[in-house]
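Data first, discussion second: the structure below is written as structure tokens.
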Number of protein chains: 2
Amino acid sequence: MTLKELAKALNLSPTTVSRALNGFPEVSEATRKKVQAAADAYGYRPNMRARSLATGRAMAIGHVIPVSSEHEMMNPVFADFISGAGEVYASHGYDMLISIVPDEDQERAYEEFRTKGSVDGIIVHAPRAGDQRIHLLKQVGIPFVVHGRASDSDEAYSWVDMNNLRAFHRATKFLIDLGHRRFALINGLEDMDFAIRRRAGFEAALEEHGLSPGDCSYFSGEMTEQYGHDSTLELLRLAEPPTAILTSSMIPGIGIRRALREAGLTLGKDVSVIIHDDDLSYLPNGREEPQFTATRASVRDAGKRAAAMLIDLIESGNPAPRTEMMEAELILGASTGPAPAHKPMRQTEPS
Amino acid sequence: MTLKELAKALNLSPTTVSRALNGFPEVSEATRKKVQAAADAYGYRPNMRARSLATGRAMAIGHVIPVSSEHEMMNPVFADFISGAGEVYASHGYDMLISIVPDEDQERAYEEFRTKGSVDGIIVHAPRAGDQRIHLLKQVGIPFVVHGRASDSDEAYSWVDMNNLRAFHRATKFLIDLGHRRFALINGLEDMDFAIRRRAGFEAALEEHGLSPGDCSYFSGEMTEQYGHDSTLELLRLAEPPTAILTSSMIPGIGIRRALREAGLTLGKDVSVIIHDDDLSYLPNGREEPQFTATRASVRDAGKRAAAMLIDLIESGNPAPRTEMMEAELILGASTGPAPAHKPMRQTEPS
DNA sequence: TGCGCATTTCAAACCGGTTTGGAGTGATCC
DNA sequence: GGATCACTCCAAACCGGTTTGAAATGCGCA
């Protein structure tokens, strides 16, 4: 059932029918009612392709999701981010278009989103150091919001971010206050913006307390459970293993816990661990008594805010960049305690 | 840059330009080259909205992802499924449209996909007992592929599924062979099709060995880490706790492991656990020596197959339903062992 | 009755592509 | 030389909506 057929059935022009359904003031209340009733009766729905061709609005938002080409891994926090964003899109009548793209093809994907005209705006995920995408999108002129920031860009753009630096600064200071002196940071891939900021916060806190960041152990990699596990085993082989570990997500945190147990060490006693908790729906850290001491910020909430910001950017017509900084809470859980008097000893040989 | 402008710049008709770019035989090789060169030079890309309006093809596939309205939870296996499917879409020139929809709004979402004409086909996720969606989509006549099956539907439709029944039948039999006699099944939501089949496989294996399914403990819920943890604590409070637990995903499996440790029990010795391993990229169970004994089938692979099947369904023009059954491997890991001689005793009080 | 004005409706153009049904050109054949 | 044919190319219609500019209608008032 097309609009023209509907019009014919009603003995009206397509113009009038279109206006009646879209609430324009030029059509009388009586005919509007009649048209609406007929539309309902016939189950008429406007064809989005035609409408968006005519209006120039796609009513869709694009997400380009980078996938590590080595591991074919999709960062699990995207699921929650997208679920938050999707909710906001739905309530504003937007569709969500997702492109899963290997790291190296990303720019082409943005190019295509623009030229094909299939979206009104774009969410940029996982910015890295030296990221070209922001510059590219600014040139293109399509509205976009970055989840995170590109540290080295001096251009103004819209973003929603968590205060990674302060979160890890606070977490590190907390561990120092507990008496810890030997640290390890099991971070995300080292050129990811969030990883850079977290490391900066970590190092700043150390330096403020007269400790040397150079003495610490650093890992960077994709945040799998295995990665947390293997990195921890490697740490425990050191002559002087750290007594405190910070890590960028709950998932490697679980791997850390597993490795500690394999080594016969007790989490929160022999080794303290602080994770960043994205508040993933399927991995709750616990509210009453969290498993892990954590810096917590809901990535689903970030998704909602980024989506709302982008829709505002599109619909307000005001292209002035907006920014929104979220602060993480530092919540106390069972994975931290005072630094042990002696260096922790492995009781069993890790396999 | 539109096709008409390009045509004008080349002193050709839009028809010829369109045909040249789309490889129709009616245009000479010389002009095709000329047109292609000009298109590249001007950076011309056809507007997808216009093209799909003209061709009637949206070049997009829709996914309706149900989100539990209670917990706002998005099933984490979707991330990997989608990442597999997205790869196939990209290589065939399709976009992926995702609607995050609360459970109760699902049918409306399908209705809209159809009427708005924004997709050429649909992937149906997470079928349940008594699911109306398949019937609805058949009536609508839009191509679709179900990830899983709807147990009680007698209509023919296309699906890609894992042999849940056989996987859990084999896993249960394996535990019985190890001497276990008291079991618990920590399953997904009980009206989910996969949960029904897994339970059926579990119960069939018990009955074949003269054991009574009614004596077992059953849990059904959303597969979070917390859920696995809390269910296990509850099991351990029984007068005669089970010596073997089967669960539907690695995530509750991790919670089970945590609960066992809190109770001072050893995984694989005091209590054996078999999980279903979706082979999630961020939660590898391990290849050489898996953490958990598991039934393994890659959900990312299922995504690829479902996507390929749907594209074939759309492009071949042959609407005959296709089906594809994947078998899970049963892989031996560190979480199973012979049934203990005595019932396991809690050494410490779980908090 | 005739004029002005507001209200309601419509025909036609448009968005940017694809596709149908010819038309023009040159070569081939009788 | 004229008919036939293959090869290129084109004008115009079409997909299904929105939007512009104008026409028809109804009403009040002189």
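In what follows, chains carry the letters A, B, and so on, assigned in the order in which the sequence lines appear, proteins first and then strands, with residues in each chain numbered from 1.
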In whole angstroms, the gap separating P of D:dC15 from CD of A:Glu5 amounts to 10 Å
Whole-Å distance separating the CD atom of B:Glu29 from the P atom of D:dT8:
9 Å
Just grab all the side chain to side chain donor-acceptor pair (under 3.5 Å) pairs involving residues 134-148 of chain A, residues at least two apart or on different chains.
A:His135-A:Glu155
Taking C-beta and beyond as the side chain, do B:Thr16 and B:Ser13 meet within less than 4.5 Å on heavy atoms?
yes
NA contact type, A:Ser52, heavy-atom cut-off 4.0 Å: base, sugar-phosphate, or nothing?
nothing
Keeping B:Ser316 on the side-chain end and B:Asp312 on the backbone end, is there a donor-acceptor pair under 3.5 Å?
yes
Mark up nucleotides 17-28 of chain D, 5' to 3', with B wherever a protein heavy atom is under 4.0 angstrom from a base atom, S wherever such an atom reaches only the sugar-phosphate, and - elsewhere.
BSBBB-------
Salt-bridged, A:Lys116 to B:Asp95, with N to O below 4.0 Å?
yes
Return the value, rounded to whole Å, for the distance between atom NZ of A:Lys116 and atom P of C:dG16.
17 Å
Rounded distance (Å) that lies between atom P of C:dT8 and atom CZ of A:Arg32
10 Å
Atom CE of A:Met48 to atom C1' of C:dC15: distance rounded to whole Å?
15 Å
For atom NZ of B:Lys8 and atom C1' of C:dG16, their distance in whole Å
13 Å
4.5 Å side-chain heavy-atom contact, B:Asp278 and B:Ser298
no
Considering the options B:Asp161, B:Asp131, B:Asp193, which one meets the salt bridge (charged side-chain N to carboxylate O under 4.0 Å, His left out) requirement together with B:Arg149?
B:Asp161
